[in-house]
Protein chains: 2
Amino acid sequence: MKITRAGDYALNVMVYIGSQEKNKLFMRNELSEICGIPDSFLGKILQSLAREGILYSERGKKGGFKLLRDPSEITLYEIIKAVEGDIKINDCLVDSNFCAGLSNCNIHSVLNKIRDSFIEELKKYTLENIIKG
Amino acid sequence: MKITRAGDYALNVMVYIGSQEKNKLFMRNELSEICGIPDSFLGKILQSLAREGILYSERGKKGGFKLLRDPSEITLYEIIKAVEGDIKINDCLVDSNFCAGLSNCNIHSVLNKIRDSFIEELKKYTLENIIKG
DNA sequence: TTTAATTAAGACTATTATGGTCTTAATTAA
DNA sequence: TTAATTAAGACCATAATAGTCTTAATTAAA
């Protein structure tokens, strides 16, 4: 029941970029050093964020990453989802056959509600909220 | 970001016991068969629940397990916590040194709030809520 | 046109956590 | 005393996470 390290790193690097000069491009290895995140691993994280339209990325010399939107328009949910995929909370939600043999699937409708409100909570907070404290 | 299988099994077995005749003792292997949970693994789960004062357990011939409280007095939070331990959400909450080198620890105060409201959500639902649908 | 510097993609490996088994001890009823 | 149960925890297998590495694509500039 934990956010993965990749998710935590993603939050950190997004907060850093969001707190700097707008439109400046940051190179991966620069971000790696500043945020203390292993370079290659950070590569995968930044790619996920770029694929989801949260970061802009540019290849080649003078390439790098920057935000595509204002920090006030980026929620924690988007960031976590970009690197970890959909939030599921339990196995039954993944595979509807899983609970077939188990006693009571009211459980899973309750867990669904809990998951939904967890997601709502993650959507409440934006990068800006974090940057401004 | 998922409840473990042990947590899911715990909910299932608790719902089953809670839906049966009050005060009846159930043997582990009986519960194992009915709920489709591997016998030894269930042993550990039932022990956790008993240690936390959610289940009563009795050893020896005619031993078994039963609820210690009414299903309306047992929350999902207690059950999950009994088998999975405290809910942490991210590494920084576990080890306050972890984020020392990272850019911004407002992140972790926000994650703390999110964790707290997740716990509140888990406390909202009781076994009775699930049993009655 | 070539080269150097960057990101993209994904195969691969190492480490850690989860899921599950097994054995021995303690407890109780018969 | 014995059989049937739970308690505890060592142990093992599998899966997920964390991290590395290599090759390709892209771009700016020499």
Side-chain angles (χ1 to χ4, degrees), chain A residues 1-10 12-13 17 24-33 35-66 68 80 82-88 90-91 94-95 98 102, chain B residues 1-10 12-13 17 24-33 35-66 68 80 82-88 90-91 94-95 98 102:
Chain A
M1 217 42 231
K2 254 200 304 195
I3 289 172
T4 63
R5 191 98 115 222
D8 207 31
Y9 284 157
N12 276 278
V13 76
I17 298 173
K24 185 180 168 193
L25 282 181
F26 294 91
M27 291 186 304
R28 186 187 64 206
N29 86 332
E30 189 184 354
L31 295 169
S32 158
E33 281 180 26
C35 299
I37 302 169
D39 188 60
S40 294
F41 194 35
L42 179 59
K44 299 210 298 188
I45 292 166
L46 294 170
Q47 281 169 42
S48 299
L49 293 164
R51 251 184 260 118
E52 296 298 314
I54 298 173
L55 284 179
Y56 166 84
S57 76
E58 191 174 302
R59 321 225 277 207
K61 242 174 167 165
K62 307 274 181 181
F65 299 87
K66 66 174 183 177
L68 269 172
I80 297 299
V83 296
E84 302 192 1
D86 272 317
I87 286 172
K88 312 244 169 63
N90 79 329
D91 281 323
V94 181
D95 170 11
F98 178 75
L102 298 178
Chain B
M1 215 46 230
K2 254 200 302 194
I3 288 171
T4 62
R5 190 97 116 226
D8 207 31
Y9 284 157
N12 275 279
V13 75
I17 298 174
K24 185 181 168 195
L25 282 181
F26 295 91
M27 289 186 306
R28 186 187 63 205
N29 86 333
E30 188 184 355
L31 295 169
S32 159
E33 282 180 26
C35 299
I37 302 170
D39 189 59
S40 295
F41 194 35
L42 179 59
K44 298 211 295 187
I45 292 166
L46 294 171
Q47 280 169 42
S48 299
L49 294 165
R51 252 184 258 118
E52 295 299 313
I54 298 174
L55 284 179
Y56 166 83
S57 76
E58 190 174 304
R59 320 224 279 207
K61 242 174 167 166
K62 306 276 182 181
F65 299 87
K66 67 175 184 177
L68 268 172
I80 298 299
V83 295
E84 302 192 0
D86 272 315
I87 286 172
K88 312 244 169 64
N90 79 330
D91 281 324
V94 180
D95 170 12
F98 179 75
L102 299 178

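Values below: every heavy atom of this structure, side chains too, minus hydrogens, waters and symmetry copies. Chain letters run A, B, ... following the sequence lines, proteins first, then strands; residues in each count from 1.
We find that CG of A:L31 is positioned 12 Å from C1' of C:dT7, with the value rounded to whole Å. Atom pair B:E30:CD and D:dA4:P shows a separation of 16 Å (rounding to whole Å applied). Whole-Å rounding puts the A:D39 CG to C:dA9 C1' distance at 15 Å. One interatomic measurement links the two molecules: CG of B:N90 to P of C:dA17, which rounds to 15 Å at whole-angstrom precision. B:L49 has its CG atom 13 Å from the P atom of D:dA8, to the nearest Å.
The side chain of A:Y9 contributes no N or O atom lying less than 4.0 Å from OP1 or OP2 of D:dA18. OP1 or OP2 of C:dG19 sits under 4.0 Å from a side-chain N or O of B:T4.
The CD1 atom of A:I45 lies 10.5 Å from the CZ atom of A:R5; values are rounded to the nearest 0.5 Å. Distance check, rounded to the nearest 0.5 Å: CD1 of A:I17 to CZ of A:F65 gives 8.0 Å. A:K2 NZ to B:E84 CD: the interatomic distance, rounded to the nearest 0.5 Å, is 11.5 Å. Here B:D39 contributes atom CG and B:M27 contributes atom CE; the two are 10.5 Å apart, rounded to the nearest 0.5 Å. In this structure, A:L46 CG and A:I37 CD1 are separated by 8.0 Å, a value rounded to the nearest 0.5 Å. Between the CG atom of B:D8 and the CD1 atom of B:I80 there is a distance of 7.5 Å, given to the nearest 0.5 Å.
For B:F41, whose side chain is taken as the heavy atoms from C-beta onward, the closest listed nucleotide among D:dA8, C:dT21, D:dT20 is C:dT21. Comparing atom distances between the A:Q47 side chain and each of C:dA8, C:dG20, D:dT6 picks out C:dA8 as nearest.
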Report all interatomic pairs (protein N or O, nucleotide N or O of nucleotides 26-28 of chain D) with separations under 3.5 Å.
unit_1: D:dT26; atom_1: O4'; unit_2: A:R59; atom_2: NE; d: 3.3
unit_1: D:dT26; atom_1: O2; unit_2: A:G60; atom_2: N; d: 3.2
unit_1: D:dT27; atom_1: O2; unit_2: A:K61; atom_2: N; d: 3.1

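Residue B:G43 is out of contact with every strand shown, counting any heavy-atom pair closer than 4.0 Å. Backbone-only contact: A:A6 has heavy atoms under 4.0 Å from sugar-phosphate atoms and none from a base.
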Side-chain donor-acceptor contacts of residues 53-62 of chain A below 3.5 Å, not counting sequence neighbours, with atom names and distances?
unit_1: A:Y56; atom_1: OH; unit_2: A:E58; atom_2: OE1; d: 2.6

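Nucleotide D:dT26 is matched to C:dA5 when pairs are restricted to Watson-Crick or G-U wobble geometry with both distances under 3.5 angstrom. Using the Watson-Crick or G-U wobble rule with both distances under 3.5 Å, C:dT18 pairs with D:dA13.
Side-chain atoms of A:K44 and base atoms of D:dG19 include a donor and an acceptor less than 3.5 Å apart.
The residue among B:R51 and A:S40 whose nearest nucleotide of DNA chain D is located toward the 5' end is B:R51.
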